[in-house]
*Asks:* 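Handing you this structure, nothing more for now.
Since we're looking at a predicted model, the values are computed, not measured. Throughout, protein chains are lettered first and strands after them, A, B, ... in sequence-line order, and every chain is numbered starting at 1.
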There are 2 protein chains.
Amino acid sequence: MIKQEIDIRKIEDIAQRLRAIAHPVRIKIISMLENTDEMNVTTIFNKLEIEQASASHHLNILKSKGILQSRRQGKSTYYSLKPNSIANLLGCINTCAK
Amino acid sequence: MIKQEIDIRKIEDIAQRLRAIAHPVRIKIISMLENTDEMNVTTIFNKLEIEQASASHHLNILKSKGILQSRRQGKSTYYSLKPNSIANLLGCINTCAK
DNA sequence: AAAAACTACAACTAAATAGGAGTTTTTATT
DNA sequence: AATAAAAACTCCTATTTAGTTGTAGTTTTT
C-alpha cells in the first residue's frame with residue numbers, strides 16, 4: 001500500500017528527542033559542557049540557580065536522549081557531552097531544515 | 001562561548017514539524033496520497049470517517065509544514081503530496097535516528 | 001551521620017485535539 | 001441579479017495530554 005513505509009513511532013521518537021533538547025535549561029547545560037570537559041550536578045545547579053532535583057531531572061533527560069554521558073566518582077556524578085552527539089544533532093538539523 | 005551555535009528556535013521548529021506529522025490521522029492522509037495523485041477534502045474525511053472541520057484542520061497542518069500542496073478547482077480543493085517532501089522526511093529520519 | 005545525587009509525587013502550566021457553529025467561496029437555478 | 005446549495009475554511013470551547021517545578025523522601029558513598 002505505501003511505497004515507502006513511514007514509521008510513526010520513529011518519527012515520534014525523533015520529534016520527542018529534539019523537543020526534549022529544545023528546552024532553555026537543557027540548552028544551557030549543553031552550552032556549559034561544550035566549554036568544560038565535565039561537571040558534577042552541584043556545580044551545574046549552582047551555576048544555573050535551579051533546584052538540585054530539577055537539574056537532576058534535566059540531566060537525566062539529556063542522558064536518556066544520548067546527548068550526555070555520566071560517570072560516578074565517589075559521592076559526585078560527573079556529566080559530559082557524549083562524543084559526536086552534538087555533531088549528529090547539527091547534522092540532523094541541517095538535513096531536516098528546509 | 002559556544003563553539004558551534006545551537007539554534008534553539010531551529011530545533012524547536014523541526015521538532016514541532018516532525019511531531020505535527022506524527023499523528024495517526026495525518027499519517028493516514030499521507031499514506032492515502034501516496035497511492036492517489038490527489039484527493040479533495042470530502043473524499044478524505046469520508047474515507048477516514050472524521051468531521052469535515054477536523055480533516056480541514058489536519059490538512060492545513062500538513063500543508064503549513066510543507067508536506068502537502070493544494071489547488072482549488074471549482075467548489076473543491078484538491079490536496080496532494082508536495083514533490084520531494086516524503087524523500088526529505090525519510091532522509092531526515094535516517095540522519096537523526098541513532 | 002553527612003554529602004551528593006536520584007526518585008517519587010502532586011500541583012501547575014502549556015499545547016494539542018475534537019466537536020460544534022458559523023463564514024466564505026464557488027456553482028447552479030430561477 | 002437573487003437565492004440556494006455544496007465544499008471547505010475559520011473560530012471558539014471543552015477536554016485531554018505532556019511537560020515543568022517544587023517538596024519530600026530515598027539511595028549511595030565517604
*Asks:* Given atom CZ of A/Arg71 and atom P of C/dA4, what is their separation to the nearest angstrom?
*Replies:* 16 Å
*Asks:* Strictly distance-based, threshold 3.5 Å: is any side-chain N or O of A/Thr36 a donor or acceptor partner for the main-chain N or O of A/Met32?
*Replies:* yes
*Asks:* Do any side-chain nitrogens or oxygens of B/Arg19 fall under 4.0 Å of OP1 or OP2 in D/dG19?
*Replies:* yes
*Asks:* Measure CD/A/Gln16 against P/D/dT20 and give the value in whole Å, please.
*Replies:* 11 Å
*Asks:* Between C/dT17, D/dC9, C/dA5, which nucleotide has the shortest distance from any of its atoms to the side chain of B/Val41?
*Replies:* D/dC9
*Asks:* Taking only N and O in the side chain of B/Tyr79, is any of them less than 4.0 Å away from OP1 or OP2 of D/dA7?
*Replies:* no
*Asks:* Examine C/dA5: is either OP1 or OP2 under 4.0 Å from a nitrogen or oxygen in the side chain of A/Asn40? Give yes or no.
*Replies:* yes
*Asks:* When the distance from CZ of A/Phe45 to C1' of C/dA5 is rounded to whole Å, what number comes out?
*Replies:* 9 Å
*Asks:* With both distances under 3.5 Å as the test, what is the Watson-Crick or G-U wobble partner of D/dG22?
*Replies:* C/dC9
*Asks:* Of the nucleotides C/dA5, D/dG19, C/dT26, which one has an atom closest to the side chain of B/Arg72?
*Replies:* C/dT26
*Asks:* Answer yes or no: is there a donor N or O on one side and an acceptor on the other, between the side chain of B/Arg26 and the main chain of B/Lys28, under 3.5 Å?
*Replies:* no
*Asks:* To the nearest angstrom, how far is B/His23 atom NE2 from D/dT16 atom C1'?
*Replies:* 12 Å
*Asks:* Quick one: does A/Gln69's side chain get under 4.5 Å of A/Lys63's, heavy atoms only?
*Replies:* no
*Asks:* Out of B/Thr43, B/Thr42, B/Leu48, which one pairs with B/Asn46 under the side-chain contact (heavy atoms from CB on, under 4.5 Å) rule?
*Replies:* B/Thr42
*Asks:* Can you see if the side chain of B/Thr77 gets near the phosphate of D/dA7 - specifically, an N or O under 4.0 Å from OP1 or OP2?
*Replies:* no
*Asks:* Could you tell me the separation between the NZ atom of B/Lys63 and the P atom of D/dA8, rounded to a whole number of Å?
*Replies:* 13 Å
*Asks:* Quick one, which residues of residues 48-60 of chain A touch DNA chain C with a heavy atom under 4.0 Å?
*Replies:* A/Gln52, A/Ala53, A/Ser56
*Asks:* Is the backbone of B/Ala87 close enough, under 3.5 Å, to the side chain of B/Asn84 for a donor and an acceptor to pair up by distance?
*Replies:* no
*Asks:* With no hydrogens and no angle check, is any side-chain donor or acceptor of B/Ser70 less than 3.5 Å from a backbone partner on B/Tyr79?
*Replies:* no
*Asks:* When the distance from CD1 of B/Ile21 to C1' of C/dT17 is rounded to whole Å, what number comes out?
*Replies:* 18 Å
*Asks:* Starting at atom NZ of A/Lys75, determine the distance to atom C1' of D/dT29, rounded to an integer number of angstrom.
*Replies:* 7 Å
*Asks:* Calculate the interatomic distance between A/Lys28 atom NZ and D/dT20 atom P; express it in whole Å.
*Replies:* 14 Å
*Asks:* Give a yes or no answer on whether the side chain of A/Ser31 reaches the backbone of A/Ile27 with a donor-acceptor pair at less than 3.5 Å.
*Replies:* yes
